[in-house]
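Heads up: the structure comes next, in structure tokens.
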Amino acid sequence: MVAQSSTMVGRDAELTQLAASLGVRPPRPGDALVDVLLSGDAGVGKTRLLRALRDLAVGEGWQVFAGHCLDFGDSALPYLPFSEVLGRLATERPDAVDAVARSHPALARLLPVRRQLSGTGPIDSPGDDNSVESSALDRADLFRAMLAVLEAAARQAPLLLVIEDTHWADQSTRDMLSFLLSRLDSAGFAVVASYRSDDLHRRHPLRRQVAEWSRLRGVERISLSPLDDDAVRDLVRQLVPGGLPEQEMADVVARAEGNAFFVEELVSAAAEPGTFVPADLADVLLVRLDRLDDDARRVVRTASASGRRVTHDMLVATADMPTQALDDGLRGAVEMNVLVADRGAYAFRHALLGEAVYDDLLPGERAQLHGRYVAALREGTARGTAAELARHARLAMDSATALTASVRAGQEASAVGGPDEAAYHYQQALELLSSSADLGDHGVNLSKLVVKAADALTAAGDPERAVAVVAEQLERLESEGADVPDEWRARMLSAQAAALYITETDADATLLSARAVELSPEGESALRARTLSIHAKILVAYGRYDEAEIVGLEALALAEKLDLGELASDVVTTLSTLKRTGPKEGLRAALTEAVDRAAASDAVHAELRARYLLGRSYEDWAEFDDAETWFTSGIERAQDAGLPWAPYGFESRWQLAWIHLVRGEWDTALDLFVVEGPFPPPIQRAMLQSMRLQILQARGKDVANRVAGLRPFWRRDGSVAIHAAAIEMIAAGRRGDPSGAVASYDHAVDVLGRIWHEWFSARIRLAAVALGVVADAMPRSSAAEREALLPVVERLQDDGRVVLDRYTDPAGHWGPEGRAWTQRLDAEALRARWLAGGEQAEQVGLEPLVAAWREAERLFAEFGHVHELAIVRTRLAGILRAGGDPAGARVLGDQAREAARALGAQPLLDDLTALGSTAPPSSGGTASADLTAREREILGHVAQGRTNGEIAKLLFISTKTVSVHVSNILAKLGASGRTEAAAIARRRHLID
């Protein structure tokens with residue numbers, strides 16, 4: 001059964017435009033209203049939009065009457081939609097219909113039922129000619145009668161006449177519409193007529209008619225474009241309340257091309273395996289094929305084997321048709337809107353139509369067609385890429401050609417910065433190669449191919465898959481008992497180790513990298529330099545700095561001797577990190593030199609790593625401006641190289657978003673979670689989601705279900721576990737479940753202890769958050785429950801203290817963040833005991849409690865975490881109020897309230913209200929109070945005359961995100977356009 005949406009999605013702007021053009025909002029009775037021709041492809045959502053327009057119009061006091069054209073082929077019933085409309089008018093406005101019928105007897109001819117009209121006599125009396133097309137009928141009088149009855153009904157209330165599917169309208173209906181649309185002096189009613197734009201082939205009779213109507217004064221054309229990706233996602237979520245897995249969601253978004261009907265059909269088939277076109281949808285699509293002649297059908301079937309787009313040369317080479325027949329077939333396919341001309345080639349108007357045609361081919365037909373494509377590409381009779389040749393060769397069962405073409409396609413993709421595509425082609429080549437009993441048959445070095453695949457997967461942001469690919473190939477070689485050279489094993493083990501240490505699993509990558517060094521040949525070889533370089537990098541990650549320096553220096557000497565510039569740059573970056581044992585200035589200077597060297601040798605990955613490490617150095621000391629500079633440069637470099645999800649490129653984005661979160665620049669942080677281009681890999685997507693949900697939760701959104709979906713990623717990346725666990729604990733606190741918060745803490749500790757080690761530094765923050773929830777629960781708990789919670793308080797505080805005691809860092813640095821959370825841990829423990837009452841409260845004492853929270857306030861202010869500082873001040877205000885210092889509480893409460901308002905942190909505002917903090921009302925009424933920091937930033941660029949695209953590049957966000965911000969700015973300022981918005985902003989001193 002096809003899933004169907006009950007409400008309109010993603011058409012608010014079109015509805016507003018349509019209602020404004022027709023005058024529906026506000027109604028303008030007595031005015032000559034604008035009429036609208038609404039076009040759009042089949043299934044794009046015209047009917048839903050018109051239903052929403054109907055509901056809006058009725059709500060505004062309008063009458064709405066709709067008539068529908070039907071597909072009866074050449075035997076369409078004349079005036080069918082107007083007969084339908086008149087039937088409803090006769091039922092709902094009988095007085096108006098009777099009055100008009102007395103002066104215009106021809107009106108009775110349109111009535112769909114036989115009825116007696118007062119003063120006219122029997123309509124169907126014997127001898128009457130009942131055909132609307134009777135030669136005795138005065139068409140002009142019939143047209144005037146329809147106009148008169150609409151005007152009569154409109155005198156009671158504004159009237160909207162809707163004529164749907166006019167692409168099926170007969171000539172009489174089109175003539176009636178021409179008459180009504182040309183009557184500018186008609187009062188009180190408006191007309192909207194819809195039609196399928198993709199059905200209007202060049203010989204379609206409505207095509208000329210629409211062109212004529214468009215020239216009429218008072219007629220406006222509105223074309224309904226496909227839904228954007230966000231709207232499609234909203235529609236899918238409406239159709240499937242539980243949601244689809246992201247891979248299936250992305251597939252629906254890509255294939256539906258913004259067509260609501262396609263979305264519904266694909267969602268209904270989402271549970272089925274494969275990517276075929278659902279049968280019902282295929283039937284609808286293939287109807288278009290039935291309208292073509294034999295030559296056009298043959299051309300379309302040949303084109304379907306190419307995919308969405310095919311060049312003319314390729315069709316000439318593969319269609320096996322005389323030139324004239326091919327040209328005639330192409331013209332027919334284009335005129336019927338099956339194919340469209342596209343930059344010197346041809347493309348299916350809808351990709352799903354191409355899929356449906358291809359699925360309809362017999363297996364033998366497909367293989368033959370792909371064989372022709374292979375021949376055309378190999379012989380040069382048509383141009384194409386290695387990727388195209390590989391695809392056609394695989395589908396033509398030509399494995400040898402497919403293997404060599406896949407390897408070449410991977411190399412071509414890597415050369416232009418396409419790691420995702422390169423990884424796909426290399427894995428296809430591995431799959432083909434694994435089916436060959438003799439690895440040497442095709443002249444492909446398996447170990448090098450495996451490394452290429454692993455490197456491409458890592459660059460694409462999927463190191464887990466890289467590890468798996470290498471492991472699969474090593475296991476296969478082992479099971480087959482192949483005589484594999486040590487060099488092959490060294491190469492593959494080193495690649496596996498390089499990917500493994502990025503995944504943060506509990507596996508020891510040093511063992512693999514050390515084994516790779518042992519197996520690599522002694523002497524001067526690029527392989528040995530590479531294995532040494534990777535081993536040194538991993539040794540640093542595991543804190544074995546002395547060994548790393550020895551190995552790294554050997555790798556650098558070899559790389560420089562062999563003139564391996566990119567590898568040498570990577571080793572230099574590794575060696576630079578060893579300066580963490582000295583002053584931070586030494587580390588930064590070394591890394592800056594590493595950046596310059598990597599940029600000079602075009603060593604992109606080494607450069608990204610060095611830029612990221614520089615950003616982290618500044619971030620660790622809460623020097624956020626400098627950290628932002630380096631992280632931003634890393635993001636920009638990764639984007640320029642086409643590697644947004646590669647190691648260190650993505651991490652720069654992640655860390656920059658964290659900085660914005662800390663500084664309270666939440667809209668800016670949210671913008672960084674939207675990236676144009678390929679969809680994020682699963683782990684990166686989970687990382688972005690975990691931070692995004694933190695902001696949404698702090699703004700009062702219920703994120704419990706979404707954060708639960710991140711649990712499978714906890715073991716795959718520690719940062720997801722840290723952020724998601726904090727979200728879970730806070731959610732447990734809001735529902736009054738301290739034991740649930742402690743359970744989330746324990747689970748995170750268990751997971752992260754396996755990934756890293758038991759006493760990881762972030763455990764202090766997690767313990768402090770859990771303690772805060774426990775403290776909040778104390779006043780609501782019974783004496784017995786409070787007694788049971790006190791040991792939990794002691795355990796959580798002790799956990800944090802053990803972490804601090806065991807913390808080791810080569811620089812001996814415990815930064816502002818660590819100091820703030822350590823103090824917060826102790827302050828929350830004191831608060832929990834104080835709120836427990838009785839002897840515990842007496843032992844704590846008010847003065848030590850206040851002193852602890854004052855110190856926490858100072859340290860969080862020094863750290864610069866805006867939201868956490870506001871939380872600290874709120875809790876301290878509560879302590880001061882309870883301790884008899886309302887004035888001090890008011891000052892802190894007002895400071896926290898100001899921050900919470902700026903952040904949009906509603907839960908914190910609610911806490912302050914419950915606390916009783918009084919604050920002066922917000923200024924209100926001015927745009928400056930309503931605009932967010934991000935909106936003010938974008939407004940400044942708008943005032944400078946920059947386009948949305950230019951602003952997007954400057955701020956490293958998507959053009960679509962800028963467009964949304966600009967729309968919000970215009971609405972808040974009450975401006976009609978960008979120029980007026982800039983003028984208002986300057987007048988109100990919102991910008992310099």
Side-chain angles (χ1 to χ4, degrees), residues 454-455 458 463-464 466-467 470-471 490 492-520 528-556 567 570-582 587 590-591 594 605-606 608-610 612-614 616-617 620 647-648 651 655 683 714-722 749-763 802-803 805-815 818:
D455 288 348
T458 301
E464 285 186 319
V467 172
V470 180
M492 290 190 282
L493 286 173
S494 187
Q496 186 180 24
L500 187 62
Y501 100 97
I502 295 174
T503 65
E504 293 189 333
T505 64
D506 55 355
D508 192 348
T510 58
L511 296 178
L512 293 176
S513 61
R515 179 59 176 157
V517 172
E518 291 175 9
L519 292 172
S520 62
R528 184 166 182 81
R530 176 183 168 92
T531 57
L532 286 167
S533 170
I534 291 172
H535 188 42
K537 186 188 304 184
I538 294 173
L539 287 170
V540 170
Y542 281 82
R544 293 161 62 174
Y545 303 109
D546 293 339
E547 296 174 70
E549 184 172 14
I550 295 171
V551 174
L553 289 172
E554 184 182 351
L556 180 60
L567 185 61
D570 194 46
V571 179
V572 167
T573 303
T574 298
L575 293 172
S576 298
T577 61
L578 297 178
K579 293 188 178 291
R580 292 183 66 192
T581 56
L587 169 65
L591 286 172
H605 295 286
L608 291 176
R609 184 170 163 229
Y612 166 77
L613 291 172
L614 268 165
R616 279 305 306 268
S617 173
D620 288 344
Y648 307 111
E651 279 75 3
Q655 294 295 341
I683 293 178
W714 285 27
R715 295 184 183 278
R716 300 174 67 181
D717 188 274
S719 61
V720 177
I722 292 171
V749 167
D750 177 63
V751 170
L752 294 170
R754 294 173 184 273
I755 294 176
W756 299 326
H757 56 83
E758 185 178 3
W759 304 108
F760 56 93
S761 59
R763 188 168 177 174
V802 172
V803 171
D805 291 342
R806 299 192 179 190
Y807 179 77
T808 58
D809 185 275
H813 173 60
W814 186 246

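- Atom CG of residue L512 and atom NE2 of residue H535 lie 11.0 Å apart, to the nearest 0.5 angstrom.
- Between the side chain of S576 and the backbone N or O of V572 there is at least one donor-acceptor pair closer than 3.5 Å.
- Distance alone, capped at 3.5 Å, places no donor-acceptor pair between the S494 side chain and the A490 backbone.
- The minimum heavy-atom distance between E758 and R763, with the atom names listed, is O-NH1, 2.9 Å.
- The minimum heavy-atom distance linking S761 with V803 is given by the pair CA-CG1, 3.7 Å.
- T510 OG1 to I534 CD1: the interatomic distance, rounded to the nearest 0.5 Å, is 13.5 Å.
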Give every donor-acceptor pair under 3.5 Å between a side-chain atom in residues 546-556 and any protein atom, sequence neighbours left out.
from : atom 1 : to   : atom 2 : distance (Å)
E547 : OE1    : R544 : NH2    : 2.9
E547 : OE2    : R544 : NE     : 2.9
E547 : OE2    : R544 : NH2    : 3.4

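- Rounding to the nearest 0.5 Å gives a distance of 12.0 Å between CG of L614 and CZ of R609.
- With T573 as the fixed residue, the side-chain contact (heavy atoms from CB on, under 4.5 Å) test singles out one of L613, L608, V540: L613.
- Contact record, G718 with L752: CA-CD2, 3.4 Å, taken as the closest heavy-atom pair.
- A498 and I538 get closest at one heavy-atom pair: N-CD1, 4.2 Å.
- Distance check, rounded to the nearest 0.5 Å: CZ of R754 to CZ of R715 gives 5.5 Å.
- When every heavy atom of A499 is checked against every heavy atom of T458, the shortest pair comes out as CB-OG1, 3.9 Å.
- Expressed to the nearest 0.5 Å, how far CD1 of I722 lies from CZ of F760 amounts to 6.5 Å.
- Here CD1 of I502 is found 8.0 Å from CD of E651. Values are rounded to the nearest 0.5 Å.
- Scanning both residues, L493 and A516, for their nearest heavy atoms gives CB-CB, 4.0 Å.
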